[in-house]
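Scroll down for the structure; my scribbles are underneath it.
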Amino acid sequence: MSSPNPAPASPQNIRVLLVEDDDLMRRSFAVALERYGYRVRVAADGLTGLELFREEGFDLLILDVMLPGLDGIGLCRRVRETSLVPVLMMSARGDGLDVVAGLEGGADDYVVKPVDTYVLLARIRSLLRRATYAPAQEPGPASGDGAPSAEERVLVFGDLAIDTGGLEVSVSGRPVLVCLVSLAIGALAAALPARRAAALSPLEAVSEA
């Protein structure tokens, strides 16, 4: 049965890293993704994939589980040390334990090969719909002290923004930590008169009155 031809997606500048050791499958998936407008980089082994990930910004990773050098689950775990980028895991092994291992390794979704190209594209669109992310940053010149730029250290999830460098959190542009501190100060200020009165001796309390 032939698959219906979906309307082409509008991925704009979404960058995808595809790590697959099978040459034919890697080429066919890359061509299909590029046909729909995705900007695709490919790697044939886990270590090369990890190097590409560290050098360039990506919006989505597609990882085969069985990779030479560093397998897909190991690669996903290394990625998760520094990034929440959506990860789609692929494997010819569909056993429940394998699926659980992939998801617990940090993957957001798991498909069993052989997978129809249109199914893969649908899974990709689903992941990108669920993940609200900041656009991938092109690698730029490093600062003198090697510290990440302001854009690199801010993680964005919908209305939630986390500045990992400044240790600040905001929702819809409002600093969450500032709000919490304000509430704490307000509660403390409200409790001060009672605490002060409790600390006074009966004679001091009468004189205060």
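As the structure is a computational prediction, the values presented were derived from the model and not from experiment. Along the sequence shown, residues are numbered consecutively beginning with 1.
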- Note on the structure: The salt bridge (Lys or Arg N to Asp or Glu O under 4.0 Å) partners of D109 (sequence neighbours excluded) come to R123
- Message: Using modelled atom types and a 3.5 Å cut-off, is there a donor and acceptor pairing between side-chain atoms of D108 and backbone atoms of V87?
- Response: yes
- Item | Cluster overlap V100 with M89, hydrophobic side-chain contacts below 4.5 Å | no
- Message: Do Y36 and I14 make a side-chain contact, defined as non-hydrogen atoms from C-beta onward lying under 4.5 Å apart?
- Response: no
- Query: Between V42 and V40, which heavy-atom pair has the shortest distance, and what is it?
  - Reply: CG1-CG1, 3.9 Å
- Going from CD on E56 to CD on E51, what distance comes out if it is rounded to the nearest 0.5 angstrom? 10.0 Å
- Query: Counting only N and O atoms by type, is there a donor-acceptor contact under 3.5 Å from the side chain of D59 to the main-chain atoms of R15?
  - Reply: yes
- Task: To the nearest 0.5 Å, tell me how far D71 CG sits from C76 SG.
- Result: 10.5 Å
- Euclidean distance, L17 CG relative to T48 OG1, rounded to 0.5 Å: 10.0 Å
- Query: Going from CG on L47 to CG on L75, what distance comes out if it is rounded to the nearest 0.5 angstrom?
  - Reply: 8.5 Å
Please tabulate, for side-chain N and O atoms in residues 22-33, each donor-acceptor pair with protein atoms closer than 3.5 Å (sequence neighbours left out).
from : atom 1 : to  : atom 2 : distance (Å)
D22  : OD1    : L24 : N      : 3.2
D22  : OD1    : M25 : N      : 2.8
D23  : OD1    : R26 : NH1    : 3.3
D23  : OD1    : R26 : NH2    : 2.6
R26  : NH1    : E20 : O      : 2.7
S28  : OG     : L24 : O      : 3.2
S28  : OG     : M25 : O      : 3.0

- Item | Main-chain N/O of V85 paired with R80 side-chain donor or acceptor, under 3.5 Å | yes
- Query: Sub-3.5 Å donor-acceptor pair from the side chain of D64 to the main-chain atoms of L67, do we have one?
  - Reply: no
- Item | Any side-chain heavy-atom pair of R77 and L70 under 4.5 Å | no
- Item | Y38 vs I124 side-chain heavy atoms within contact, under 4.5 Å | yes
- Item | From CA spacing to verdict: side chain to side chain contact (heavy atoms under 4.5 Å, CB included), M66, D21 | CA-CA 8 Å; M66 303 300 293; D21 63 331; 5.6 Å; no
- Message: Restricting to non-hydrogen atoms, name the atom on L52 and the atom on F58 that form the minimum distance, rounded to 0.1 Å.
- Response: O-CE1, 3.4 Å
- Could you give the distance from CG (L50) to CG (L61), rounded to the nearest 0.5 Å? 10.0 Å
- Candidates I73, L18, V79, V19 - the one meeting side chain to side chain contact (heavy atoms under 4.5 Å, CB included) with L63: V19
- Message: Measuring from atom OG of S126 to atom CG of L88, what distance do you get when rounded to the nearest 0.5 angstrom?
- Response: 10.0 Å
- Task: Mind listing the closest non-hydrogen atom pair of Y110 and S91 along with its distance?
- Result: OH-CB, 3.1 Å
